[in-house]
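Below, read A as the first sequence line, B as the second, and so on, with proteins coming before strands; counting in each chain starts at 1.
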Number of protein chains: 2
Amino acid sequence: MRHKNPWVCRRMVKEGLRITQTRMVIIDILTRNPEKHFSAEEIFLMAHRINPGIGFATVYRTLDLLAQMGIIQKMEFGDGKARYEMTEAMENVPHHHHLVCTECGKVIDYTEFTDEEKELLAKVEKELSEKYKFKIKNHIIQFCGICNNCGKRG
Amino acid sequence: MRHKNPWVCRRMVKEGLRITQTRMVIIDILTRNPEKHFSAEEIFLMAHRINPGIGFATVYRTLDLLAQMGIIQKMEFGDGKARYEMTEAMENVPHHHHLVCTECGKVIDYTEFTDEEKELLAKVEKELSEKYKFKIKNHIIQFCGICNNCGKRG
DNA sequence: TCCTTATTGATAATAATTATCATTTTCATT
DNA sequence: AATGAAAATGATAATTATTATCAATAAGGA
């Protein structure tokens, strides 16, 4: 166990959840890598290196829990395994979206954002929330296509 | 077999692919339901009703093929099974995005804000294409949150 | 009609995720 | 610090979506 994210801990206590070693290890891994999108297996391997007792099922359970709490975001890029990353609601997490290559599966993050883009997103979210009585927590934006490498070969 | 989508057929011939009954049935199903997002199983069941000889593996193969050709779009809403729908590039397919309830899995389509959104999206796509030398074919936009029903109960 | 080859369907195999359950931890209370 | 109820865990089996295999079939040019 390394570092406790006080914000997350407070939320867990408030919801009657227990602060366990396994959970802290997983949250620490995700907190330290806000710009990465890890698969459950990758997280398991990293957690296992820190605390070899941790089991695979618990990793899945913890990831589900954190996603349910809105702390992490589950995303799928089409290769059959889900990825997880910190929500933008968390501190130090840059707003970013993904370019997904449908050929090789490569995922590029981009963080450039015009103010115009941000404004429109906020506006759309607000209007959708009202119209559909839908409490929007976050969004997923992916641009799918062919990356530079695959484009050369193809 | 019902109806042949001439545009799709032309593309298939051009790429040396064969116009088979199974493929036509599946394309027909998708073409007739441009606003739906079917799972592979749902498509299999519908195809099976039209032509009981069709096998599950072929449904998957055909969906992969069509996705590769950019005719349909594979998306995942987080419930473990992929969904497929016509690309906006196809005729009669309205520009739309999704609201996904992380509680019950319900998916709402919305079509509002199209003009402004489309414009900005086109601009962003152009800029990203150039910057990352990435040939963008389509995009996935999902707003995740809690739907009206789940909000009441929760 | 014939012939080559892409495509198919049935089935088995794979791989990610989830359910089960006895055991261990957490943490409020003493 | 010790206690005890309940939540959480780890090992494992079970489930489920998807993919690979392969002999049989059908598409389409000759």
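Note: CG (B:L17) to P (C:dT5) measures 17 Å, nearest angstrom. Going from atom OH of B:Y60 over to atom C1' of C:dT14 covers 13 Å, rounded to whole Å. Taking atom CD1 of A:I26 as the reference point, atom P of D:dT9 lies 8 Å away to the nearest angstrom. Rounded to a whole Å, the CD atom of A:Q21 is 5 Å from the P atom of C:dT26. Note: CZ (A:F56) to P (D:dA13) measures 16 Å, nearest angstrom. B:L65 places its CG atom 14 Å from the P atom of C:dA6, with the value rounded to the nearest Å. A:I54 has its CD1 atom 15 Å from the C1' atom of D:dA11, to the nearest Å. Per the geometry, CD1 belonging to B:I43 stands 14 Å off C1' belonging to D:dA17, to the nearest Å.
By the 4.0 Å N-to-carboxylate-O rule, A:K126 lies close enough to A:E130 to be salt-bridged with it. Remark: B:R11 engages B:E15 in a salt bridge, criterion side-chain N to carboxylate O under 4.0 Å.
The side chain of B:R23 contributes an N or O atom lying less than 4.0 Å from OP1 or OP2 of C:dT7. OP1 or OP2 of C:dG9 lies within a sub-4.0 Å distance of a side-chain N or O belonging to B:T22. At C:dT26, none of the side-chain N or O atoms of A:T20 fall inside 4.0 Å of OP1 or OP2 (strictly under the cut-off).
Each of B:A57 and B:K81 was matched to the nucleotide of DNA chain D holding its nearest heavy atom; the match closer to the 5' end belongs to B:K81.
Paired with B:N138 under the rule side-chain hydrogen bond (donor to acceptor under 3.5 Å, both in side chains), one option of B:Q73, B:E125, B:E88 passes, and it is B:Q73.
A distance of 6.5 Å separates CD1 in A:I26 from OG1 in A:T22, rounded to the nearest 0.5 Å. Note that CD1 of B:I29 and CG of B:L45 are 9.5 Å apart. Values are rounded to the nearest 0.5 Å.
Side-chain proximity of A:R18 to the nucleotides D:dG28, D:dT9, D:dA5 is greatest for D:dA5. Nearest nucleotide to the side chain of B:R61, out of C:dT17, C:dA10, D:dA7: C:dA10.
Within 4.0 Å (heavy atoms only), B:D79 reaches no atom of the nucleic acid at all.
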